[in-house]
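First listed ligand is number 1; within each ligand, the first listed atom is number 1.
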Amino acid sequence: MKLKIKGQKILGGEVEISGAKNSALPVMAASLLTEELYLKNIPFVQDIFSMKKLIEGLGGHIEINKNNELFINTASIASLEAPYDYVKQMRASILVLGPLIAKYGEVRVAYPGGCKIGARPVDLHLENLKKMGAEIKVEHGTIVAKASRLSAANISFEKVSVTGTENIMMAAVLAKGTTVIENAAKEPEVVDLANLLKKMGAKIKGDGSDTIEIIGVDTLHPVEYGIIPDRIEAGTYLIIGGLISSGLTIKNIRIDHIKNIISKLEEAGICLKIKKDFIKVKKIKKLNPIDIETQPFPGFPTDMQAQFMVMLTQAEGRSIVRDTIFPGRFHHVDELLRLGANIKKIGNGEVSIVGKTELSGAEVIATDLRASASLVIAGLIASGETIINDIFHLERGYERFVEKLQNIGSKIDYLE
Ligand code: UD1
């Protein structure tokens, strides 16, 4: 599937932000810790359907309704294995590791393979589960983990890991004793998962800080839970509004989750009208160059790096973008060069962007989820026509992206 964009059309109107994909995935995995969950504000994107298939493959039942709700029943789990087919489609499949070993004492998950955005090992997930008493082996490409009942441990992550923290948190809620996680990820999605687990009866303190304390309980109960809005989707539309709209209102935003994005947009000169749960933004004449370095939350998110890079091609002067989390996450650079951008790799995980460059439409290829979003933004501001190949990456994480863009006036469409 391809996308065709006719660029330089001035946009305007309103966009409603969907639920956070990176919250929905761990929250769905947490259904394996109990027997039923009723989830709201779930974005219907490909990754969610992959997680649905994975849970169904384990023996769970999932009902979906039109209001972005999921009803998950995991009372009759029959298999404890996440096969390679699922894991290769979506690395976040690793999130079933913690809940399955905690509840069933056994799990087999295919070892995640390489990834377009760079090395993404799971060594810290495994090492820390071992500290909780799990026996872990890798057999024929599959992680095999066993434990009669996990015991609490003092865990310190050598490197901040979002899904790593989530896996350990889900393992610890049913473990015996008090687990302390040091150097924990503080991302809003980690806090969202902790809030769900607390509602289910888990005893968790300190989520959102460096140290999380979890007192294990014997069982967790079914609940209803609505997840947070997607901060990366919000950031993506803020850039679109700031680059090519006569006025865009972006609704359903948690301002406290995007302060890092807001401050960088303002530094670049973009004028935002920030209200309680929505932001108004419009195109400005002159953008300032800025430097960006990705960091774990509350730092600037790596998932916004590619979209900001496109914005910085329009700033007058030299900007630097450094990705400290995934230094190999620069596949979009070669594609942006095809549109005429002036971007140079200047170090490991570091590029310079010199603007302002008039981008001209071209045929490009999407290489990963956020790179695809950056190419769409580039196509929206470029002259002429841009064709984006392999657009399935986009559908993994942005709900109704094409439709939402059409609703605010974009000339964008699918090409078979
Ligand atoms: C999550 C997000 C992803 C985001 C990333 C960083 C989900 C489903 N995905 O991915 O969108 O880009 O956080 O914010 O929430 N690392 C190790 N060993 C490990 C685990 C991680 O060395 O066992 C390293 C990674 O290579 C990377 C860093 O730690 O350099 C952070 O990765 P991590 O936070 O684990 O990313 P994910 O949880 O996979």
Side-chain angles (χ1 to χ4, degrees), residues 19-30 42-43 45-48 50-51 54 86-87 89-98 109 111-131 136 138 143 155-171 181 183-194 227-228 230-233 235-236 257-258 260-261 293-308 322-332 348-349 368-374 393 396-398:
K21 165 184 86 77
N22 285 355
S23 267
L25 292 170
V27 158
M28 286 174 78
I42 300 296
V45 296
Q46 202 48 52
D47 273 9
I48 300 306
S50 301
M51 184 58 97
L54 171 51
Y86 294 117
V87 182
Q89 265 175 38
M90 186 187 59
R91 291 181 51 87
S93 305
I94 194 76
L95 283 165
V96 302
L97 188 63
V109 181
Y111 205 102
C115 172
K116 277 275 164 56
I117 70 174
R120 286 175 89 178
V122 289
D123 56 320
L124 303 176
H125 300 232
L126 306 186
E127 188 185 297
N128 290 325
L129 278 175
K130 279 186 193 162
K131 286 196 186 132
I136 300 185
V138 179
I143 300 163
I155 283 164
S156 178
F157 273 88
E158 202 183 297
K159 216 172 174 186
V160 177
S161 167
V162 176
T163 49
T165 302
E166 291 165 346
N167 246 335
I168 297 301
M169 209 158 68
M170 288 190 279
I181 310 177
N183 202 23
K186 301 190 278 276
E187 269 66 6
E189 295 78 18
V190 174
V191 176
D192 209 19
L193 173 65
I227 65 161
I228 55 170
D230 197 307
R231 61 195 169 101
I232 305 302
E233 189 192 14
T236 303
H257 293 168
I258 59 164
N260 41 21
I261 298 172
E293 182 174 282
T294 67
Q295 289 290 347
F297 194 85
F300 185 85
T302 172
D303 286 351
M304 282 303 300
Q305 181 256 98
Q307 302 90 313
F308 261 75
R322 219 174 133 223
D323 200 323
T324 66
I325 298 177
F326 298 118
R329 190 177 206 175
F330 286 108
H331 292 282
H332 43 285
N348 183 28
D368 65 73
L369 169 58
R370 305 303 170 187
S372 319
S374 78
H393 290 289
R396 284 192 37 222
Y398 285 90

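Judged by distance alone, the side chain of Glu293 and the main-chain N or O of Arg322 form no donor-acceptor pair under 3.5 Å. Without hydrogens or angle criteria, Asp192 side chain to Ile228 main chain gives a donor-acceptor distance under 3.5 Å.
Annotation: salt bridge (Lys or Arg N to Asp or Glu O under 4.0 Å) contacts of Asp47 (sequence neighbours excluded): Lys21, Arg396.
The distance criterion of under 3.5 Å between nitrogen or oxygen atoms is met by Ser161 with respect to ligand 1. Inclusion of Leu124 in the set of residues having an N or O under 3.5 Å from an N or O of ligand 1 is warranted. The shortest N/O to N/O separation between Gly164 and ligand 1 does not fall below 3.5 Å. Below 3.5 Å of separation, one finds an N or O of Pro121 facing an N or O of ligand 1. For a threshold of 3.5 Å applied to N or O pairs, the pair formed by Asp123 and ligand 1 contains at least one separation below that value. Checked by distance only, ligand 1 and Ile325 come closer than 3.5 Å through their nitrogen or oxygen atoms. When only interatomic distances are considered, the shortest N/O to N/O separation between Thr163 and ligand 1 falls below 3.5 Å. An N or O contact shorter than 3.5 Å links Asn22 to ligand 1 by distance.
Summarising the geometry of Gly299 relative to Asn260, their closest heavy-atom pair is O-ND2, 2.7 Å, with the distance given to 0.1 Å. Of all heavy-atom pairs spanning Ile143 and Pro112, the tightest one is CD1-CD, 4.3 Å.
Rounding to the nearest 0.5 angstrom, the gap separating the CG atom in Asp303 from the CD atom in Glu233 is 13.0 Å. Taking CG of Leu193 as the start and CG of Leu25 as the end, the distance is 11.0 Å to the nearest 0.5 Å.
For Asp323 and Thr294, the side-chain atoms include at least one donor-acceptor pair closer than 3.5 Å.
At least one heavy atom of Val160 sits less than 4.0 Å from an atom of ligand 1. Contact annotation: Arg329 has at least one heavy atom less than 4.0 Å from an atom of ligand 1.
By the criterion of a heavy-atom distance under 4.0 Å, both the backbone and the side chain of Val162 are placed next to ligand 1. Residue-level proximity to ligand 1 for His125 is carried by backbone and side chain together, each with a heavy atom below 4.0 angstrom.
Heavy-atom proximity to atom 29 (O) of ligand 1, evaluated over Lys159, Arg91, Glu187, is greatest for Lys159.
Surrounding CD of Glu127 are more than 12 heavy atoms belonging to other residues, nucleotides or ligands, all under 6.0 Å away.
Contact atoms of ligand 1 toward Thr302: 6 (C), 12 (O), 14 (O) (distance under 4.0 Å to a heavy atom of the residue).
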